[in-house]
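First up is the structure itself, then whatever we jot down about it.
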Amino acid sequence: MTSGRVIAILEHDQVSSDALAMIVSDWGAKVVQGRSAEDVLEHLGPDLGPELSCVIADYDIPGHRDGVAASKHLQQTAPECRVLILGGNIHTRGDAAAAAAGYDIIHKPARAEDIIAWLNSEK
C-alpha cells in the first residue's frame, strides 16, 4: 500500500474512469478523476498540484488536447509526476507522441495487473 500518493485519471468514459479509480484506490492512493486537465486541476486545488505523483490518461480524450498534451499540461503543476497513456485504438501518432514525451503506454483493454505493475515500478 502506498498512502499519500495522489494519482490523476484522465478519462472521458465514466465506466472506465471508475474502474481505474477502483484499481488505484485499492492500491492505496488518493484518486482525482477528470475528463480534462482542467477538471483535474480544479479538483486538486492550488495546494495539491505539486503532490500529484502519477497521471493515467486515455489518449483519446475529447476537447482540444489528447491525453499526451493534457498530461504535459498537468506536469506544469507537478513536473515530477509519472505518466501512463492508455489507448484502445491508439495509433502510430499516439504511440509516437507518448514515446517522445517519455511516457509509458498500455494498450486497452488494460488489465488491473498491468496497471498495478506500472504503479509499483519506480523510475
Side-chain angles (χ1 to χ4, degrees):
M1 181 137 144
T2 310
S3 61
R5 309 254 331 246
V6 178
I7 298 177
I9 296 174
L10 285 171
E11 171 64 66
H12 67 281
D13 178 74
Q14 194 61 52
V15 173
S16 295
S17 183
D18 290 344
L20 281 168
M22 186 170 31
I23 292 166
V24 171
S25 64
D26 284 351
W27 182 72
K30 177 183 177 183
V31 177
V32 177
Q33 294 172 263
R35 296 176 70 115
S36 68
E38 291 76 19
D39 285 348
V40 168
L41 289 171
E42 183 178 316
H43 292 308
L44 283 172
D47 298 328
L48 282 180
E51 294 180 20
L52 184 62
S53 61
C54 298
V55 174
I56 300 175
D58 184 8
Y59 180 76
D60 293 314
I61 56 176
H64 64 282
R65 291 189 180 112
D66 59 40
V68 172
S71 297
K72 287 180 181 179
H73 184 71
L74 288 172
Q75 283 185 312
Q76 291 175 4
T77 301
E80 299 300 316
C81 75
R82 295 174 53 219
V83 177
L84 174 63
I85 301 296
L86 302 176
N89 54 359
I90 197 166
H91 39 72
T92 304
R93 185 173 52 100
D95 281 351
Y103 299 159
D104 295 312
I105 304 162
I106 295 179
H107 296 265
K108 290 181 179 179
R111 298 177 324 156
E113 298 84 23
D114 296 334
I115 302 293
I116 296 299
W118 182 82
L119 290 169
N120 285 330
S121 69
E122 291 294 328
K123 292 190 174 182

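Residue numbers run from 1 in the order of the sequence given. Computed from heavy atoms alone, side chains included, the values below leave out hydrogens, waters and symmetry copies.
The cationic group of Arg82 lies under 6.0 Å from the six-membered ring centre of Trp118 and within 45° of the ring axis, placing it in a cation-pi geometry.
Closest of all the heavy-atom pairs between Gln75 and Cys81 is NE2-O, 2.9 Å. Ala70 approaches Ile61 most closely through the heavy-atom pair CB-CD1, 3.7 Å. Taking each heavy atom of Leu10 and Arg35 in turn, the nearest pair found is CD2-C, 4.4 Å. Pairing each heavy atom of Ser25 with each of Val31, the nearest pair is N-CG2, 3.8 Å. When all heavy atoms of Ser71 and Val55 are compared, the closest pair comes out as OG-CG1, 3.6 Å. Among all heavy-atom pairs drawn from Ala57 and Gly67, the shortest one is CB-O, 3.9 Å.
Judged purely by atom type and a 3.5 angstrom limit, Ser17 has no side-chain atom pairing as donor or acceptor with the backbone of Asp13. Side chain of Arg5 to backbone of Ser53: no donor-acceptor contact under 3.5 angstrom is found.
With contacts defined as side-chain heavy-atom distances shorter than 4.5 Å, the pair Leu119/Ile7 qualifies. A 4.5 Å side-chain heavy-atom check between Ile56 and Ile106 finds every atom pair outside the cut-off. Annotation: side chain of Tyr103 is in contact with side chain of Val68 (closest heavy-atom distance under 4.5 Å). Residues Ser36 and Arg65 fail the side-chain proximity criterion, which asks for heavy atoms closer than 4.5 Å.
Distance check, rounded to the nearest 0.5 Å: CG of Leu20 to CG of Leu84 gives 9.0 Å. Considering NZ of Lys30 and CG of Leu52, their distance stands at 10.5 Å, rounded to 0.5 Å. In this structure, the separation between CG on Asp66 and CG on Asp60 is 8.0 Å, given to the nearest 0.5 Å. Between the CD1 atom in Ile23 and the CG atom in Asp114 there is a gap of 9.5 Å [rounded to 0.5 Å]. Taking CD1 of Ile9 as the reference point, atom CG of Asp39 lies at 13.0 Å (rounded to 0.5 Å). To the nearest 0.5 Å, atom CH2 of residue Trp27 and atom CG of residue Asn120 are 6.0 Å apart.
Qualifying side chain to side chain contact (heavy atoms under 4.5 Å, CB included) partners for Ala117, counting only residues two or more places apart in sequence or in other chains: none. Applying the side chain to side chain donor-acceptor pair (under 3.5 Å) criterion to Asp18, with sequence neighbours excluded, gives Gln14, Gln33.
The hydrophobic cluster containing Val32 does not contain Met22, counting ILVMFWY residues as joined when their side-chain heavy atoms lie under 4.5 angstrom apart, directly or transitively.
In this structure, Glu80 places its CD atom where only 12 or fewer heavy-atom neighbours from other residues, nucleotides or ligands lie under 6.0 Å away.
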Exercise for the section: Report the C-alpha separation of Val83 and Ile85 in whole Å, then their side-chain angles, then the decisive distance to 0.1 Å, and conclude whether the side chain to side chain contact (heavy atoms under 4.5 Å, CB included) test is met. Expected result: CA-CA 6 Å; Val83 177; Ile85 301 296; 3.8 Å; yes
